[in-house]
Amino acid sequence: MKCYDHDPAFARFEICKLKVVRRGVVSLNVRVGLYQTPVTNTSINIAVYKRANGYRPFLYNISEDACAFLANRKRYPVLKVLLDVLLAKSNLNHTCPFTDAIVVNDMVLEDKSFNFLPVPEGEYLFKMKVFAYNDLKATIEVYVYRRE
């Protein structure tokens, strides 16, 4: 996992780490401090890449207004599937504005969460870019290996 701050005066990753829970199980922990609150205009870009002579785009590359998504998750079915696991372990259980640090604690990816997505065996890169006020603020890259 890699976390990139693009505007440290706006927001900064205070925690960005993986923790081994048990053999073969790793949890993700992230804490982002927000320094210019309230944040009322955010959007996200989520892309999935598969490794094949470098990482190539694979299946999904979605950009949406994060505030609209959090207000009505059912309206964005693909984004809902990709982010439900993250939202279940985070403090993002409300719509905009964001006034406090954004925290994700002990998120574990499990195969059952992605049963109806066509994901064959291989190495993947899950990349999420976060924009606020139409300016790139942060990028998170998570590298995952899926076995059959």
Side-chain angles (χ1 to χ4, degrees), residues 1-7 10-19 21 24-34 36-52 55-148:
M1 180 169 86
K2 296 179 183 177
C3 301
Y4 301 99
D5 302 319
H6 298 291
D7 186 356
F10 182 83
R12 187 174 56 84
F13 286 98
E14 296 168 356
I15 298 173
C16 178
K17 66 179 181 176
L18 298 173
K19 182 172 78 174
V21 177
V25 178
V26 177
S27 69
L28 177 138
N29 296 280
V30 174
R31 179 181 173 86
V32 180
L34 299 176
Q36 296 177 16
T37 58
V39 180
T40 58
N41 180 345
T42 61
S43 58
I44 56 174
N45 172 266
I46 294 178
V48 180
Y49 300 86
K50 184 171 185 186
R51 186 170 182 187
Y55 284 94
R56 307 278 187 236
F58 176 79
L59 205 56
Y60 298 112
N61 188 341
I62 301 167
S63 294
E64 292 294 343
D65 180 336
C67 295
F69 168 71
L70 290 170
N72 186 2
R73 294 179 194 171
K74 291 180 184 177
R75 186 172 170 199
Y76 307 93
V78 174
L79 199 58
K80 182 180 183 319
V81 169
L82 293 173
L83 291 181
D84 267 355
V85 175
L86 175 86
L87 294 174
K89 294 292 185 173
S90 76
N91 65 345
L92 292 173
N93 54 3
H94 59 85
T95 59
C96 294
F98 300 112
T99 56
D100 297 325
I102 297 170
V103 179
V104 178
N105 279 326
D106 298 327
M107 184 187 91
V108 176
L109 287 179
E110 297 180 19
D111 284 342
K112 68 180 181 179
S113 303
F114 301 99
N115 278 345
F116 52 92
L117 291 177
V119 181
E121 182 174 335
E123 293 181 48
Y124 294 90
L125 165 60
F126 176 85
K127 185 185 284 190
M128 182 167 73
K129 294 181 181 179
V130 180
F131 298 83
Y133 308 104
N134 298 322
D135 189 26
L136 180 62
K137 301 298 183 185
T139 302
I140 298 175
E141 297 177 348
V142 179
Y143 297 84
V144 179
Y145 181 76
R146 184 179 189 296
R147 288 180 268 203
E148 291 290 328

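Count residues from 1 along the sequence.
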Asker: Kindly list each side-chain donor-acceptor pair under 3.5 angstrom involving residues 79-90, sequence neighbours excluded, with atom names and distances?
Answerer:
unit_1	atom_1	unit_2	atom_2	d
Lys80	NZ	Asp84	OD2	2.7
Ser90	OG	Leu87	O	3.4
Ser90	OG	Leu92	N	3.1

Asker: For Phe10, check ring pair (Phe, Tyr, Trp, His ring centres under 6.0 Å) against everything at least two apart and list the hits.
Answerer: none
Asker: Taking side chain as C-beta onward, heavy atoms only, is Ile46 less than 4.5 Å from Phe126?
Answerer: yes
Asker: If I compare all heavy atoms of Glu14 with all of Gly33, which pair ends up nearest, and what's the gap?
Answerer: OE2-CA, 3.5 Å
Asker: Residues two or more places apart in sequence or in another chain: which of them pass ring pair (Phe, Tyr, Trp, His ring centres under 6.0 Å) with Phe131?
Answerer: none
Asker: Measuring from atom CG of Leu18 to atom CE of Met107, what distance do you get when rounded to the nearest 0.5 angstrom?
Answerer: 9.0 Å
Asker: How far apart are the closest heavy atoms of Lys17 and Ile15, and which atoms are they?
Answerer: CG-CG2, 3.9 Å
Asker: Not counting sequence neighbours, which residues clear side chain to side chain donor-acceptor pair (under 3.5 Å) with Asp5? List them please.
Answerer: none
Asker: Starting at CD of Gln36, measure out to CG of Leu34 and round the result to the nearest 0.5 Å.
Answerer: 9.5 Å
Asker: Any side-chain heavy-atom pair from Asn29 and Asp106 closer than 4.5 angstrom?
Answerer: yes
Asker: Rounded to the nearest 0.5 Å, how far does CZ of Phe98 lie from OG1 of Thr42?
Answerer: 4.5 Å
Asker: Rounded to the nearest 0.5 Å, what separates atom NZ in Lys129 from atom CD1 in Ile44?
Answerer: 13.0 Å
Asker: According to side chain to side chain donor-acceptor pair (under 3.5 Å), who are the partners of Thr99, at least two apart in sequence or on a separate chain?
Answerer: none
Asker: Can you sort out the partners of Asp100 under side-chain contact (heavy atoms from CB on, under 4.5 Å), two or more places apart, ordered by chain and number?
Answerer: none
Asker: How would you list all residue pairs meeting salt bridge (Lys or Arg N to Asp or Glu O under 4.0 Å) that involve residues 60-75, not counting sequence neighbours?
Answerer: none
Asker: May I have all residue pairs that pass side-chain hydrogen bond (donor to acceptor under 3.5 Å, both in side chains) and include part of residues 131-140, sequence neighbours excluded?
Answerer: His6-Thr139, Asp7-Lys137, Thr40-Tyr133, Asp135-Lys137
Asker: Would you say that Tyr124 contacts Val48 through its side chain, given a criterion of any heavy-atom pair below 4.5 Å between the two side chains?
Answerer: yes
Asker: Determine which pairs satisfy salt bridge (Lys or Arg N to Asp or Glu O under 4.0 Å) with at least one residue from residues 36-51, sequence neighbours left out, and list them in order.
Answerer: Arg51-Glu123
Asker: Enter the distance from Phe13:CZ to Ile102:CD1 here, rounded to the nearest 0.5 Å.
Answerer: 9.0 Å
Asker: Tell me the disulfide bond (SG atoms under 2.5 Å apart) pairs involving residues 55-109, sequence neighbours left out?
Answerer: Cys67-Cys96
Asker: Would you give the length of the straight line joining atom SG of Cys3 to atom CZ of Arg31, rounded to the nearest 0.5 angstrom?
Answerer: 14.0 Å
Asker: So, using salt bridge (Lys or Arg N to Asp or Glu O under 4.0 Å) as the criterion, who are the partners of Lys2 when residues are at least two apart?
Answerer: none
Asker: Only counting residues at least two apart or in another chain, list the ones meeting side chain to side chain donor-acceptor pair (under 3.5 Å) with Tyr4.
Answerer: none
